[in-house]
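Notes follow the structure.
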Amino acid sequence: MAVQPPPADRRTVIENAAIATVDAHGTEYARGHVVVLGNRIEAVGDGPAPTRPDGAARRIDAEGHLLTPGLVNTHHHFYQWITRGLAQDDVLFDWLVALYPSWARIDDRLVHTAALGSAAALLRSGCTTAADHHYVFPRGGGDLLGAEIEAVRELGLRFTASRGSMDRGRSDGGLPPDHAVEEPDAILAASEEAVDRHHDPSPGSMLRIALAPCSPFSVSTRLMRESAELARRKGVRLHTHGSETAEEAAYCRKQFGMGPTDYFESVGWLGEDVWMAHCVHLDDSDIAKFAATGTGVAHCPSSNARLAAGTARVPDMLAAGVPVGLGVDGTASNESGELGTELRNALLVNRLHGGPKALTTRQALRLGTMGGARVLGRQDEIGSIEAGKLADLALWKVDGLMHSSVADPVAALVLGALPPLAALLVNGNTVVEDGRLTTADEERIARSCALAAKELADRAG
Ligand SMILES: [Zn+2]
């Protein structure tokens with residue numbers, strides 16, 4: 001059952017919290033308040049909340065807690081929750097070749113179960129809005145996009161579902177096996193249908209659709225071009241993988257006679273309505289193109305490390321004005337599935353690459369909140385704690401054993417262990433309380449995910 005919007009007159013008051021608003025000025029309060037009315041933030045400020053005659057508000061005493069905007073995930077593959085822990089020591093292309101046979105056997109029931117696992121892990125780690133990239137549609141597998149959307153609705157996560165695709169199989173010079181790809185005409189028809197059926201462009205939307213051909217090495221040039229045309233005709237965003245590995249760059253040079261960014265430009269894939277996962281191998285001229293066109297980047301530090309892809313030049317991108325958010329990536333290349341820990345991982349990998357000032361704790365928090373909101377085109381609605389924005393909030397407990405002696409609550413969140421999540425509000429609803437989902441039975445999800453993983457492994461032989 002879908003989580004319903006809260007009553008418009010329901011008020012929740014959070015007081016005595018340290019607050020990092022992540023607004024344009026980086027305003028923080030050592031001890032402040034936030035008032036939520038219905039599904040929006042009514043007020044935020046220093047000190048206690050103004051008293052109101054209406055005593056019916058729910059009050060949360062957040063002494064010892066840090067309140068941040070809910071985190072925004074900009075890249076994922078929810079179905080991979082049931083193919084974790086495989087191909088542990090491979091680079092991207094070998095890892096993909098090892099996993100395609102399993103992925104080619106998924107169906108709507110398995111995808112629903114896997115999406116429950118992925119969405120639950122995101123919520124439990126502070127994520128309130130997620131984009132997912134689903135690009136495997138085996139013949140006869142049923143309504144896979146509908147299945148993941150249904151799972152996300154049950155748990156109450158704000159969502160951008162990407163209708164992904166692959167049409168360049170091995171016999172066409174691509175990487176995936178031929179039986180894992182679809183025909184381009186069928187893909188375009190299904191993409192248009194997904195937008196017509198699911199996309200809600202209204203303010204406060206809980207569900208948007210994006211179109212997302214998978215990567216240059218699994219998608220034809222025609223499909224890249226026509227997907228962009230379709231997305232622009234329908235008014236939805238575009239997403240893909242770009243410049244993830246050195247092998248991909250070499251593939252593009254051989255196949256198209258140019259590097260990945262020039263290729264994307266040639267097929268109409270740079271622009272404010274486009275965001276790409278990884279972008280590890282960008283040179284100065286590529287970064288300038290991303291900045292000039294407003295093309296967004298989903299930085300996925302754990303996945304890039306797990307697959308030894310390299311380190312994206314996030315500080316250079318930020319300095320140039322490129323929109324950058326954080327992504328978990330699929331959990332076959334980042335088994336943790338947590339977004340909260342990516343704040344820390346982003347800071348650490350960028351410092352290894354660029355020195356101690358490469359990324360501050362505040363910049364890491366901004367990547368995971370406002371940065372992601374901008375990448376998904378929702379910077380006016382989510383990503384910061386400001387009056388009028390949607391009530392997507394994460395309340396972290398930082399007075400326990402692991403954090404009470406850390407001098408700064410934001411450092412406790414970004415540099416320390418991921419703090420317990422006292423509460424997570426999505427659209428004004430409390431969907432996590434004391435670290436547990438309020439919308440579903442976690443043990444039941446765990447059991448069904450274990451069975452689904454085994455079932456898929458058996459199917460793949
Ligand atoms: Zn990915």
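Bear in mind the structure is a predicted one, so any value in this text is a computation, not a measurement. Keep in mind that the numbers below use all heavy atoms, side chains included, and drop hydrogens, waters and symmetry copies. Remember, it's 1-based here, ligands and their atoms both numbered in the order they're listed.
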* Do any of the N/O/S atoms of His76, backbone or side chain, fall under 2.8 Å from the Zn ion (ligand 1)? -> no
* Output yes if His241 passes the N/O/S-under-2.8 Å test against the Zn ion (ligand 1); output no otherwise. => yes
* Structure fact -> So the ring pair (Phe, Tyr, Trp, His ring centres under 6.0 Å) pairs with at least one residue in residues 241-267 (sequence neighbours excluded) are His75-His241, His77-His241, His133-His241, His241-His278, Phe256-Tyr263
* Structure fact -> side-chain hydrogen bond (donor to acceptor under 3.5 Å, both in side chains) with Ser302: of Glu342, Glu335, Glu338, only one passes, and it is Glu342
* To do: Please lay out, stage by stage, how Arg208 and Asp200 fare under the test salt bridge (charged side-chain N to carboxylate O under 4.0 Å, His left out).
  => CA-CA 5 Å; Arg208 299 237 165 122; Asp200 172 10; over 6 Å; no
* **Sequence neighbours excluded, every pair satisfying ring pair (Phe, Tyr, Trp, His ring centres under 6.0 Å) that has a member inside residues 147-199** => Phe78-Phe159
* To do: Assess Asp329: does it contribute an N, O or S atom lying under 2.8 Å from the Zn ion (ligand 1)?
  => yes
* Output yes if His75 passes the N/O/S-under-2.8 Å test against the Zn ion (ligand 1); output no otherwise. => yes
